[in-house]
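All values reported here derive from a predicted model rather than from experimental measurement.
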Amino acid sequence: EAWDLFLGKLHSAKGYHWAVEAAKQTGTRLIVAGGWRPSFTGSIKYVGEVDGTRKAALLARARCLWNPALWDEPFGLVSIEALFSGTPVLGTRRGALPEIITPEVGALADTLDELIDAAQTISRRDPEACRDHALRHFTHRAMAERYVALYGRVLDTGRL
């Protein structure tokens with residue numbers, strides 16, 4: 001059976017409650033993995049903090065990852081981990097998420113209702129496209145090469 005995943009700190013700024021509310025409204029199975037112990041019922045399952053192989057398994061098997069950040073997420077590592085796993089991402093247009101999530105690998109929205117609508121077609125994303133996007137932009141080598149280029153520009157021009 002297909003299910004969605006929220007993975008991260010269960011803090012309101014991370015928007016986990018949007019993923020929970022969407023699951024309640026649509027009846028979609030949702031797995032919530034992260035800090036402190038909330039109580040959920042129905043189609044929502046809390047599995048506690050995860051890492052290593054358990055995290056990898058959850059990411060790889062999820063229909064999508066919810067990252068509905070309600071703050072200016074500075075990097076979005078969990079979204080990048082999902083993409084490496086071939087899992088598309090639903091996120092908000094906050095912080096770094098618009099730089100990470102393209103229409104080929106996920107969907108961005110500004111409201112819960114828009115995210116619920118986007119979730120209806122999220123499984124049309126190709127897992128291979130998700131992995132390719134992550135490999136092209138977020139390996140240690142790709143990121144280091146971009147940093148070196150950026151530093152070179154700053155040294156040459158004195159500005160970003």
What side-chain donor-acceptor pairs closer than 3.5 Å can you find for residues 19-26, not counting sequence neighbours?
| residue | atom | partner | partner atom | Å |
| --- | --- | --- | --- | --- |
| Glu21 | OE2 | Gln25 | NE2 | 3.2 |
| Thr26 | OG1 | Ala22 | O | 2.8 |
| Thr26 | OG1 | Thr28 | N | 3.3 |
| Thr26 | OG1 | Thr28 | OG1 | 2.8 |

Show me the donor-acceptor pairs within less than 3.5 Å that the side chains of residues 44-52 make with the rest of the protein, sequence neighbours left out.
| residue | atom | partner | partner atom | Å |
| --- | --- | --- | --- | --- |
| Tyr46 | OH | Gly34 | O | 2.8 |
| Tyr46 | OH | Gly35 | O | 3.0 |
| Tyr46 | OH | Trp36 | O | 2.6 |

Check: residues 153-160 side-chain donor-acceptor pairs under 3.5 Å, at least two apart:
| residue | atom | partner | partner atom | Å |
| --- | --- | --- | --- | --- |
| Thr157 | OG1 | Arg153 | O | 2.7 |
| Thr157 | OG1 | Arg159 | N | 3.2 |
| Thr157 | OG1 | Arg159 | O | 2.9 |

When the side chains of residues 75-86 are checked against the rest of the protein, which donor-acceptor pairs come out under 3.5 Å, sequence neighbours left out?
| residue | atom | partner | partner atom | Å |
| --- | --- | --- | --- | --- |
| Ser79 | OG | Asn67 | ND2 | 2.8 |
| Glu81 | OE1 | Lys55 | NZ | 3.2 |
| Glu81 | OE2 | Lys55 | NZ | 3.0 |
| Ser85 | OG | Glu81 | O | 3.0 |

Run the side-chain donor-acceptor check on residues 96-107: report pairs under 3.5 Å with partners two or more places apart or on a different chain.
| residue | atom | partner | partner atom | Å |
| --- | --- | --- | --- | --- |
| Thr102 | OG1 | Glu104 | OE1 | 3.0 |

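Placement of Leu108 and Phe138 within a single hydrophobic cluster is found when ILVMFWY residues are connected by side-chain heavy-atom separations under 4.5 Å, directly or transitively. Criterion: ILVMFWY side-chain heavy atoms under 4.5 Å apart, direct or through other members. Under it, Leu7 and Val89 are part of a common hydrophobic cluster.
Between the side chain of Thr87 and the main chain of Leu59, a donor-acceptor pair closer than 3.5 Å is present.
Listed by first and then second residue, the side chain to side chain donor-acceptor pair (under 3.5 Å) pairs involving residues 107-125 are Arg93-Asp110 (not counting sequence neighbours). Residues in residues 57-80 take part in these salt bridge (Lys or Arg N to Asp or Glu O under 4.0 Å) pairs, two or more places apart or across chains: Asp4-Arg63, Lys14-Glu73, Asp72-Arg94.
For His137, the ring-ring contact (aromatic ring centres under 6.0 Å, His included) test picks out His133, with sequence neighbours left out. Every residue meeting the side chain to side chain contact (heavy atoms under 4.5 Å, CB included) condition with Ala13, not counting sequence neighbours, appears here in chain and number order: His11, Trp71. Residues satisfying the side chain to side chain contact (heavy atoms under 4.5 Å, CB included) test with Ala142, not counting sequence neighbours, are Thr139, Arg146.
With values rounded to the nearest 0.5 angstrom, Leu70 atom CG is found 11.0 Å from Tyr16 atom OH.
What you find for Phe6 and Trp66 is that their closest heavy atoms are CD1-O, 3.5 Å. Contact between Cys64 and Leu90 at its shortest, heavy atoms only, is SG-CD1, 3.8 Å.
Taking the side chain as every heavy atom from C-beta outward, Leu58 and Trp3 approach each other to under 4.5 Å.
Under a 4.5 Å side-chain heavy-atom criterion applied to ILVMFWY residues, the cluster that includes Tyr151 comprises Tyr147 as well.
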